[in-house]
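Below is one structure, written out as structure tokens, with a few remarks after it.
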Amino acid sequence: MNRPCQSVRILGVRVDDVTMAEALALMEGMVASGQPHQVVTVNAEFVMRAQRDEAFRVVLEEAHLALPDGYGLLWAARRLGRPLRERVAGSDIVPRLAALAAQRGYRPFLLGAGPGVAEKAAKVLVRQNPGLQIAGTYAGSPAREEEEAIVARIVAAQPDMLFVAYGAPAQDFWIHRNLRRLGVPLCMGVGGTLDFIAGVAPRAPLWMREHGLEWLYRLIRQPWRWRRMLALPRFALAVGRECRALRRRSR
Ligand code: UDP
């Protein structure tokens, strides 16, 4: 695909250097095109997983848009001398896409999260965006035996946007496997976003988000994340190694 934006490679993983406004414009173009597209929300955990999981690396590489979702990426890009301009988090862009959908008559489908959460999130989005039409909501699960039925349900609903909340990397694999037959122009894995919108999980306060501390807030609230979050110090060490290698090569 001809990429309409500049990208930065962090430990070999592509991250697109888009601002929030540019990302929204690109995503609107995807919906208008009618062709299926996958958007991924890259963070340090994604980058570290891609180092050891070739299939996940392929999913990220083939995505039509790789948003710079995590602050760790901005830090790493700066250190590597190829700064990214802005953090564009999936959780911040979904409410904006809902507003766009209400304006343009696009219909989103909310898939995943716990029982009843997608319905609750849909109600909140409709309250915030009068006139918004929701194509459908369904919790389901990323289990293979449910896949056919879920795909059929979404195809029948004919949404313009599909937000999948099965957690990474399951949600991104799920979209990648089904993108063509879903035929939905804009498909994006959204992690905990439906929980935040529905109000069943609080998002980190703004000051923490602005200081790159969202990971700490989530760790305090969900301590079981500690093992996954070991990816963060490993990411920092790997970026440090890459910086040193770059300096040696440029000498
Ligand atoms: N989730 C789900 N089914 C699963 C695994 C996760 O519906 O098999 C949902 C979970 O309820 C939550 C969302 O996926 O709403 C995101 O999970 P998590 O916070 O772990 O994802 P992250 O934001 O860290 O990618």
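One-based numbering, in listed order, for ligands and for the atoms of each. The basis for the numbers below is simple: all heavy atoms, side chains too, and nothing from hydrogens, waters or symmetry mates.
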Side chain, backbone, both or neither: the part of Ala113 lying under 4.0 Å from ligand 1 by heavy atom: both
Proximity to ligand 1 by part of Glu45, non-hydrogen separation under 4.0 Å: neither
N/O separation below 3.5 Å, [X] to ligand 1:
X	result
Gly140	no
Pro142	no
Trp224	no
Arg218	yes

Gly191, Gly112, Ala165, Ala198: member with heavy atom nearest to atom 2 (C) of ligand 1: Ala165
Looking only at the side chains, is there a donor atom on one of [X] and [Y] sitting less than 3.5 Å from an acceptor on the other?
X	Y	answer
Glu86	Thr19	no
Glu62	His176	yes
Gln6	Asp16	no

Students should be able to answer this: which protein heavy-atom is nearest to [atom], and at what distance?
atom	value
atom 21 (O) of ligand 1	Gly167 CA, 3.5 Å
atom 5 (C) of ligand 1	Tyr166 O, 3.4 Å
atom 23 (O) of ligand 1	Gly192 N, 3.0 Å
atom 18 (P) of ligand 1	Arg225 NH2, 3.5 Å

Just which atoms of ligand 1 are under 4.0 Å from any heavy atom in [X]?
X	answer
Ala168	25 (O)
Gly114	11 (O)
Asp195	12 (C), 15 (O)
Arg228	20 (O), 22 (P), 24 (O)

Whether Trp174 and Tyr166 hold their rings parallel, tilted or perpendicular, with breakpoints at 30° and 60°: perpendicular
Phe173 and Phe56 aromatic ring geometry - parallel, tilted or perpendicular at 30°/60° bounds: tilted
Common cluster, Leu232/Met208, ILVMFWY with side-chain heavy-atom separation under 4.5 Å: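 Yes, Leu232 and Met208 fall within the same hydrophobic cluster.
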Validation row, ring centre Phe163 to ring centre Phe109 under 6.0 Å: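 For Phe163 and Phe109, the ring centres are not under 6.0 Å apart.
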Flag, side chain of Asn129 to backbone of Leu125, donor-acceptor distance under 3.5 Å: yes
Closest contact, heavy atoms only, Leu73 versus Val42: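 For Leu73 versus Val42, the nearest heavy atoms are CD1-O, 3.1 Å.
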Passing option when Asp53 is tested against Arg49, Arg57, Gln51 for side chain to side chain donor-acceptor pair (under 3.5 Å):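 Only one of Arg49, Arg57, Gln51 forms a side chain to side chain donor-acceptor pair (under 3.5 Å) with Asp53, namely Arg49.
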